[in-house]
Structures are given as C-alpha cells and as structure tokens.
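The structure under discussion appears below in the form of structure tokens.
These values consider heavy atoms only, across backbone and side chains, with no hydrogens, waters or symmetry-generated copies. On a predicted model such as this, the values are computed, not experimentally measured, just so you know.
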Amino acid sequence: MAENSPFGLRRLSLSRLWAGLFVSVDNRKKVVLVTILLGISGLLTFAISPELLHKKENFNVGDVARYPVHAKKDFKVVDPAATFQAKERAALEVPPVYFLAEEIPDLIVRNLGLALKTCTKAFKRNAPLECEQALFEHTGLRPPKEALTFLSKEGVSEDLQERLALEVANVYASSFVREEPAGPMAETNPSRPYVVRLRNGKEIEIAPERFIGRSEARQSLYDRLVKTLPNDLPGKEGLAGYISELLLPNVYFDQESTLLRKKVTYEKTPPVLRTVRKGEVIVHQDEVIYPEQLEKLKKNAQASTGFALSYFIGTSLLMFLALLYAIRVAPVVDVAEGLKPKNLLYYGFLLVVTLGLLTLSRAGILKVLEVSPKNGFDQFLAIACLPVTLAPMLVRSIFGPKESFIFLTLYSLLIGWFLPPAAYASLYAFLMGCTLLIWFSRLESRTGFLKLGRQTSFMGMAIVVLVALIEGFPSPGTVSFQKFLLGILAANVGNWLTTILSLGLLPLIEYAFGYATTLSLLELSSMEHPLLKKLAMLAPGTYSHSLTMSVLADRAAKQIGANALLVRVGAYFHDIGKMRRPQYYVENLRPGEPNCHDGLSPTLSALIIKAHVKEGIELARAHKLPEAVTRMIPEHHGTTLIKFFFDKAVLLDPNVQEPDFRYPGPKPRSKEAGVLMLADSLEASARTLPEFSVARIQGLVQRTIRTKFLDGQLDGCDMTLKDLHAIARSLIETLISIYHGRVRYELVRQQVAKPEGQRRANTRKPGPFSKPEYPAIQGYDEAALKRLGL
C-alpha cells in the first residue's frame, strides 16, 4: 500500500515500483528478464573495464618508496620525450601559409603598357627623352640606354607591347613569385602542398615546385624575352633585362597564420605511448618518486590484484538501468511524422544551441571555481549541475515519445562526444532522458512539470550514487563524503534548472516555430476558453457531444502511443463551426422542435452540413488556435460521405453525384486525427442505438472502423492493424462504461407498492421488470433484485 509522507508526497512501495517497470509481463518473465539484464550488465562491465581486480596504492610526487614496485601486467604510459619529438616533427611538417596579391601582374602589365604607349608617341616626335621619362614614372625604374636604343629602332609597335605583356603574364600564370630569402619558417617538407590564401578568404593548396624566388622569376622572363624579341635589332638584351627587373613578388609569407597552424597541430598530435612490461621495476626501494614514475604507478594500481567491489557494482547497475529503460521505451519507436524539414531544422537548432551552451557552461564553471578535475567524479560534477536534458525536454513537449526517443539516442551520443568523460555523460543523458519520456506522458497541468522535475531529480541522485561507487566512494583521496553531498546537490540543481528553463523557453519556441507545445495544449484544455464557453451557450448539444467524444478519443490515443492531450483538445474544438447555425444539427434540437432540414433539398442540407468545417477553420484562426488543432477540424471528417442526405437524394434522383455529398477533406494525416475521426463517428452513432448492450456496442465499433478503413479514410494517418485493434478495444470499453444500464427505481417503487397478488401476476408476463424493458442489464433476474435490496 502507498503511504503519505510528512511532506504530502505519496511514497511508492517497492511492489508498486516493480509493477510500474514491468506492466506487460508476468512474474516468471520478470525474473528471467532481470536475470538476463543483470548478466549482460556484468559482461559489459568486464568488457569495458577488464582490470577490475586491483589494489589501490596511494603515491605522491616526492614520496620515498618503502619497497620496490614491479609492474603487475603489461600496460602503456605516455613517453614525454618521444611525445615532444613527435609533436615537434608534426609541427615542422605543417606547410607554410602565403597570401596572394592577385593585383600584382595586372599592375605591372598596365603600367608597362601606359609607358610604352607614351614611347610610341615620343619616338614619332623624335623625343626619346620623353620615352625615358615615361618609363621611369610608370615603372619606377630608369631604363638603360640599350633598352631605349631597341625601342627607338623598333618603334614600339602594338605587337611589341602585346608580346611584352604576354610574357610577363605567362611568368605569373605558371609560377608564384615570392621574396628571397624565404626564411626558415617558410621552408618545409616539399612533398606537402603550400597553402595560399586568396583575397576573398578562400584557401587553395599549391605544389611547392610552383613557388620560385624573385631572381629565378626574373631570369626566366629574361630568357623568354631574349628568345622572343627580334635578333636583328641592337639593345635586345638591355630591354629584356629592364623588363625582367619589373617583376615583383605576388605571394607573401603569412607568419602569424603559419605559427597558429603549427601550434594547433602540436597540441592535437597524440602522445606517444610506451609499453611497460610485466615485472619491470617501476620504482626502487628508497627512491624518490618523480612525475613520470607516478603515472606508471597509477596505471599499475589499476592492474593490481584486489577486487574493486564498489566499482563493479556501480558500473553493472548503471548498465542495468540503461538496458532496462531502453527496453521500456524502445517498443514505441515508430517514427514518420518527425522527419519533416521543419522538424529536422528544429532538431538541428536544439542540438547546436544546447550542446554549445553546455560546453561553454562546463568550461566556465571549471574556470570560475578554479577546479582541475583529478578523477571521473570531479568531471561528472561539472556535468550533473548543467541542464543536460533541456533539449530532450523541449522535443518531448512538442513531439510524441517515438520521435523523442530517436532524438534522445542521438543526443546522448553527442553529449558523450562534447562533454568528457564520455561514458558518464552519455549514460547520464540517456537515463535522465528515458525517465523524462516515461513520466512526461502523465502531465495533465503545469504543476505536472514540477512533478516531472522531482522524478528526474530522484534519478539524477541515484546516478550520482552509482558514479561515486565506481570512483571509489568513500575515499578521502577520490570521492570524499563532502564531494558526494556536492554531487547530490548538483543533480538537483541541474534537473530543476532544466524544468525552469523549459517552462520559460516553450512560449518562445511556440512563437518562433509555430508548434503546439504541451503548455499551450494544457491552456486550451480548460473549459474557460471563450470559444468553448460560446459553444456551450449556442450549441449545448454539440458541446456535450464534444465532451463525450474527448473521453473516447483520449483513452484510445493513449492505447496507441499518440498525443492524447492533442487529441483531447482537438475533440473540444472540432465542431466549433456549428455555432454559426446550431439549429441545423440534430444534437442541438430540443424535444419536439421541428428539424430545419425537413423543408430543404438534400443537396442544400449537405452544403449546410459541410459549411461547418470551413466556418470552424475560420473561427479557429480568428482565435489563433495552434495549427495542429486547426488541422483536426477538416481532417476528423476527411472525405466521408454524408450518407443520410445522399441516400435521401438518391431516392429523388438516382443520377446524383456522390462527390457532392462528401466532406472536402483532407483525410486524416496523423494518428491523432484518425483517432478523432473514429471517436466522432462512434459517439454520434452510439446515440442512435435503440438498446445498449455489449454485443450491440461491439458490432457498432467494428462496423464503424471497417467502414472508415474500406473507404480509405485512414490511409494517410499511418495506423497499423494493431493500432486499430487497440483503438477498437478502448472505444468498446469506454462506450460500455458511458452507456451502461441503470435500474429505473421509480418503477421498482411502484411495483413494490402493489398488492402481492398483482406482483405475482406481473411476473408471468412482460412488465417493468422484464429483460426487454432493461436490455442493458445482462443476467437480470430475481437474484439480482435481491442483491439490490428489492
């Protein structure tokens, strides 16, 4: 039995907890399942930590060894000298970074062209000094007399100008000209390409052989010009030498970027490990312990011979919890709706933002507190105090458990990648997320978020206990009692911070992405909404129908893992369009009130009936209902045939078109809309039954589901036959509980008041106590009357 605690909370007994974890298996299967899970957990523990037998030996730098320590088995340690050499070698192999001055070739060709054009005019006027002055002004170099002699003889034709410009451009096209000497930083392994950064920030890799010095580029251009220029004119070598002197470097060594890349490579280069062989002397007797030896001693302690019971128990139970909750949540994984582009964008946004904030927050906490984690528990504390399950909470507040579980699995793996230690971070995120998924389905109000925070805090504290056992609690050197209490506090802070942040962020997410979150649906489920109050006043029959239908749909949705809260809210608002003309719907007619459709043609009646869908959508959008709720107004009818008026129209005109008497649609596109369609049809049909019995209700449910299925109304809502069977069972049970028979006590009192002879006479023929008068009471006989005290 559950008891009440002094704080007003219900204590959950062990039997209730056990039954809550295993609701679909008998006792024998429970024992088998737990045995298998414990065995797998133990094997996984040995697989990830084969060195469980160890005896802890506490050593510190500067201590004097009282006895020689030998290696218990082979293990690897970091070799500082070899690691330094490897890092230096990797840094030296980083290719240099150059900046490309793309405008240099064009600048040289343009200035040379302007100078030569001036020379052309100068020689026509027989003014060679003007040519010399123009070349000096445009190129910055005074030409030698041999070059002027060649130009004066040749006359500076357009062909010469084009030839000189082409040769200059060819040098830069085939090579990258750099300053000389390049310097030690710019010299690197010639087998690796150099990095050249363009002006737009883009980087390209160029083979080292394409880089030449300025003198080499000038010599190359000189040789080209000597071969290209006419041999019959004097001064050719002088002009070639002058033009080659105009070449400038077009790539410049970027020392800052190169140093930064070398530093990053140096830091990322993995350490070099050296194997310590079994039996090797780590430290001799009476020898002072140095840092290099301390690392070996720690490794040797993990391989020593003593049984770490707390480590094995903590790790095994942590694995057991992970497997147990995975089995509990895994059967509901069947995702299709959550893969839409908009939803994928939302997932990506959450992953980027939350993982980035968690990483920065963890680094900030360690920096502010000036904590240097020495073991796994210290690092775990920096994770436990963060809102690790914020992203899964924000996903589950919008999507169903299936999409949320897929997201949680990926999120847990990424948490392990971003937040060390990976094993603790991933398991912590996964277990907390599973707890959230299991308890989230029980939210019925805003205070439910506080209850959810309480449950996740309990799980967080349990994980802290297990991690402390793994790390050696209680031990002053590893996990002291003070650190243990700090871990308990951190788990509560992190989980309550998740709850508070989710409550604050959900309204922003609703606005940014247009989702119908759990909070908005909880607000809409209140009967104080203006639309529902107006519906109750203008169309009381429709209002009553909506309430009854919400009970049917809510229970059915829970049976197939659909969003029961969304279905219930959709049931409240699905027929709000009937407020415009309530008198045209039979559920709103008073006893004896004439039916407005009696004087109308079937076609016009069908148009009026179909109009409530369009008018309902208009009202929903005018009152800013979520799109998920608005979609249910047309989808709960789909393209169903308005059969009563269609049959009536066929009697008047056999050629009437069936599409004219169908709702406009669309058909249900989600399980929630499909459940709503079935609940709506059954609630309306159940009112027409002349007698209520289990057999009649079963037949009605089966006929309704079969009709919708064969008509293709459920094709787009991703329901399986298993879902339809579960929905049918739920609807039958709920309808029986709603429309169960009741004894008519006024007739009983009249019968008891009659003389005994008349009562005997009445038992021989049908009367007020006969079964036909009370068809809903199964097995109705005199024994039943006696039990009722009649």
Side-chain angles (χ1 to χ4, degrees), residues 12-15 17-18 20-22 30-58 72-73 298-328 373-381 383-384 388 412 416 420-435 455-492 495:
L12 194 63
S13 64
L14 183 60
S15 60
L17 177 61
W18 192 262
L21 291 176
F22 304 94
K30 292 177 187 177
V31 175
V32 174
L33 180 60
V34 171
T35 304
I36 293 174
L37 291 182
L38 286 175
I40 294 175
S41 301
L43 291 176
L44 289 176
T45 302
F46 277 107
I48 63 175
S49 302
E51 301 173 351
L52 282 174
L53 301 176
H54 68 278
K55 178 182 178 182
K56 294 187 177 179
E57 303 178 58
N58 294 324
K72 304 296 183 181
K73 60 180 296 186
K298 289 182 178 179
K299 291 284 185 179
N300 189 57
Q302 297 176 3
S304 27
T305 59
F307 189 72
L309 181 62
S310 63
Y311 183 92
F312 175 77
I313 293 176
T315 305
S316 299
L317 290 179
L318 198 59
M319 293 289 181
F320 174 78
L321 280 177
L323 293 174
L324 180 64
Y325 275 86
I327 291 175
R328 178 71 189 277
K374 299 179 180 179
N375 53 44
F377 191 79
D378 291 338
Q379 298 183 47
F380 176 72
L381 290 184
I383 299 174
V388 175
S412 301
Y424 290 156
S426 292
L427 284 173
Y428 181 76
F430 182 77
L431 288 173
M432 299 302 298
C434 287
T435 305
Q455 297 299 330
T456 53
S457 293
F458 289 158
M459 176 56 71
M461 289 187 288
I463 296 174
V464 168
V465 173
L466 297 179
V467 173
L469 287 174
I470 294 172
E471 293 297 328
F473 176 78
S475 173
T478 54
V479 183
S480 62
F481 188 73
Q482 291 78 6
K483 282 188 179 180
F484 175 76
L485 294 180
L486 184 61
I488 296 294
L489 177 62
N492 282 277
N495 286 288

Nearest 0.5 angstrom please: [X] [atom1] to [Y] [atom2], how far?
{"X": "L485", "Y": "Q482", "atom1": "CG", "atom2": "CD", "answer": "7.0 Å"}
{"X": "T456", "Y": "M461", "atom1": "OG1", "atom2": "CE", "answer": "9.5 Å"}
{"X": "F484", "Y": "L381", "atom1": "CZ", "atom2": "CG", "answer": "11.0 Å"}

Testing the basics here: between [X] and [Y], what is the closest heavy-atom pair and its distance to 0.1 Å?
{"X": "S412", "Y": "S426", "answer": "O-OG, 2.9 Å"}
{"X": "M459", "Y": "T435", "answer": "CG-OG1, 3.4 Å"}
{"X": "A491", "Y": "V464", "answer": "CB-CG2, 3.9 Å"}
{"X": "N495", "Y": "S457", "answer": "CB-OG, 3.6 Å"}

Are [X] and [Y] side-chain neighbours, meaning at least one heavy-atom pair lies under 4.5 Å?
{"X": "F380", "Y": "I463", "value": "yes"}
{"X": "I470", "Y": "Y424", "value": "yes"}
{"X": "L321", "Y": "L466", "value": "yes"}

